[in-house]
Protein chains: 2
Amino acid sequence: MRSSIRRSMPLFPIGTVMKLTDLSARQIRYYEEHQLIHPQRTEGNRRLFSLNDIDRLFEVKDLLDEGINMAGIKKLLLEEGKTVVHSDLKDEEGKGKKDFTDEEVRKLLRKELINAGRFQRPDSSFGEKFRNFH
Amino acid sequence: MRSSIRRSMPLFPIGTVMKLTDLSARQIRYYEEHQLIHPQRTEGNRRLFSLNDIDRLFEVKDLLDEGINMAGIKKLLLEEGKTVVHSDLKDEEGKGKKDFTDEEVRKLLRKELINAGRFQRPDSSFGEKFRNFH
DNA sequence: AAACCTATGTTAGCTAACCTTACATAATAA
DNA sequence: TTATTATGTAAGGTTAGCTAACATAGGTTT
């Protein structure tokens, strides 16, 4: 579809993305280093992020806030393309098409449980984001 | 509606706007000089353009292509501006300010950008531009 | 024709905002 | 304890933005 073209259009410099996502440049570059996003570059080597990239950054942020580490996030997000693994790791038996071993799944779930409820994000509003935007 | 806020959010540096609109930096600044757009500035004085600004630039470009000069374009665009601008402000002061989660922000923003494609003319579509985009 | 606009190009000098690399560190895992 | 992870920060370099000024083709006006 056409929208997918637009969603992957490289549009935003890192400064804009920082403000939109409330992530530091360091964090954003770190997630790129771990292949979670693939922003384009200008001719002069500056990153340009697409809406898909921003989307992905929000996902990474949320998962980190939930206490999941990079290894887990990579597993989760880099699987998404193949399966519609949106919400559940649990009852997707039948087709064993996930690359997780049982052990990995258990490990992830345990960490999730251990860290559950550690953070309750202050749920910043769009208005606030906009106001801090300059 | 809230989309007006999103549409007036300062997001794009001039380089991105140049590619999207096929206008030179000189042209864009010149139209600003003539009050046809009002891009925000970063703390460091760099312009940041909103979707509204980009829409407006397309309008200016079209009118110029039709042979209308700046004086005429000002008359045309600064008349209809009354309504549009006011509805923008009205939205921003909306009192029932419900908080947006990050996910909502992301979805709204994405939708907004996808809708930006509605403004493509047959001769200069986003799709075509995207091919020339790097 | 000469003089004058108008919209845009171009150049120069300045600096914010980006870049990479490297080192530091608190928190967690082993 | 020691190692690893995710992030901060600082240094030093480059790009892409800024303003201001002058240049100019093509249209008007005188």
Side-chain angles (χ1 to χ4, degrees), chain A residues 10-49 53 57 59-77 103-104 106-108 110-116 118-119 133-134, chain B residues 10-49 53 57 59-77 133-134:
Chain A
L11 296 171
F12 307 100
I14 201 169
T16 295
V17 177
M18 290 169 66
K19 287 172 191 156
L20 284 175
T21 61
D22 269 321
L23 293 168
S24 69
R26 183 66 163 95
Q27 286 174 301
I28 295 168
R29 295 189 191 116
Y30 186 68
Y31 306 152
E32 179 189 21
E33 202 173 287
H34 283 268
Q35 321 268 30
L36 293 171
I37 49 172
H38 304 281
Q40 311 261 191
R41 299 290 182 122
T42 64
E43 219 175 82
N45 201 38
R46 282 161 144 71
R47 289 170 182 84
L48 278 186
F49 298 78
D53 292 323
L57 287 173
E59 291 183 290
V60 172
K61 192 187 178 193
D62 285 347
L63 292 172
L64 278 168
D65 283 352
E66 288 170 27
I68 300 168
N69 68 9
M70 294 298 291
I73 293 172
K74 279 182 187 174
K75 271 290 184 197
L76 287 168
L77 297 187
E103 185 180 70
E104 283 167 329
R106 256 182 268 115
K107 219 173 173 184
L108 287 174
R110 197 183 68 233
K111 283 182 184 170
E112 257 190 75
L113 286 174
I114 288 172
N115 294 310
R118 228 177 27 161
F119 306 97
F133 215 91
H134 54 268
Chain B
L11 297 170
F12 307 100
I14 201 168
T16 295
V17 177
M18 289 169 64
K19 287 174 191 154
L20 285 175
T21 61
D22 268 322
L23 292 168
S24 69
R26 183 66 162 95
Q27 287 175 300
I28 295 168
R29 295 188 192 117
Y30 185 69
Y31 305 153
E32 179 190 21
E33 202 172 287
H34 282 268
Q35 322 268 27
L36 293 171
I37 49 173
H38 302 91
Q40 311 262 269
R41 300 291 182 122
T42 64
E43 223 174 77
N45 200 38
R46 281 160 148 72
R47 288 169 183 84
L48 279 185
F49 299 77
D53 291 324
L57 287 173
E59 292 185 286
V60 172
K61 194 186 178 194
D62 283 351
L63 293 173
L64 278 168
D65 284 351
E66 289 171 25
I68 300 169
N69 66 10
M70 282 290 121
I73 294 174
K74 279 184 188 173
K75 268 285 185 205
L76 287 168
L77 297 188
F133 215 87
H134 60 276

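All chains are named by letter (A, B, ...) in the order of the sequence lines, taking the proteins before the strands, and each is independently numbered beginning at 1.
- Following rounding to the nearest Å, A:Met18 (CE) and C:dC19 (C1') show an atom-to-atom distance of 13 Å.
- For A:Thr42, a side-chain nitrogen or oxygen approaches OP1 or OP2 of D:dA16 to under 4.0 Å.
- The shortest distance between the side-chain N/O atoms of A:Ser24 and the OP1/OP2 oxygens of D:dG8 is below 4.0 Å.
- Exactly one residue among B:Glu32, B:Arg29, B:Arg46 makes a side chain to side chain contact (heavy atoms under 4.5 Å, CB included) with B:Ile14. That residue is B:Arg29.
- Closest to the side chain of A:Tyr30, from the set D:dC22, D:dT5, C:dA7, is D:dT5.
- Contact annotation: the side chain of B:Leu11 never approaches that of A:Leu11 to less than 4.5 Å [non-hydrogen atoms, C-beta and beyond].
- The A:Tyr31 side chain lies nearest to D:dT7 when the options are D:dT7, D:dG17, C:dA16.
- Of the candidate nucleotides C:dT20, D:dC18, D:dA6, D:dA6 has the atom lying nearest to any side-chain atom of A:Asn69.
- Residues A:Lys74 and A:Gln35 have side chains not in contact (no heavy-atom distance under 4.5 Å, counting atoms from C-beta outward).
- Remark: P of C:dT20 and CD1 of A:Ile14 are 9 Å apart, rounded to the nearest angstrom.
- B:Val17 has its side chain out of reach of B:Asp53: every pair of non-hydrogen atoms, C-beta onward, lies at least 4.5 Å apart.
- For the pair B:Gln27 and B:Gly44, nearest-nucleotide mapping onto DNA chain C gives the more 5' position to B:Gln27.
- Nucleotide C:dC19 holds its C1' atom 13 Å from the CG atom of A:Leu48, rounded to whole Å.
- The side chain of B:Asn45 lies closest to D:dT19 when the candidates are D:dT19, C:dG9, C:dC19.
- Atom CD1 of B:Ile28 and atom C1' of C:dT8 are 13 Å apart (whole Å).
- The separation between A:Arg47 atom CZ and D:dA16 atom P is 13 Å, rounded to whole Å.
- Out of D:dT7, C:dC19, C:dA7, the shortest distance to the side chain of A:Arg46 is found at C:dC19.
- Here the P atom of nucleotide D:dT7 and the CG atom of A:Leu64 are 5 Å apart, to the nearest Å.
- A:Lys61 places a side-chain N or O within donor-acceptor distance of the main-chain N or O of A:Thr21, the cut-off being under 3.5 Å.
- A donor-acceptor contact under 3.5 Å is formed by the side chain of A:Arg26 with the base of D:dT9.
- A:Leu36 places its CG atom 11 Å from the P atom of D:dT7, with the value rounded to the nearest Å.
- Atoms CZ (B:Arg29) and P (C:dT10) sit 13 Å apart, rounded to a whole Å.
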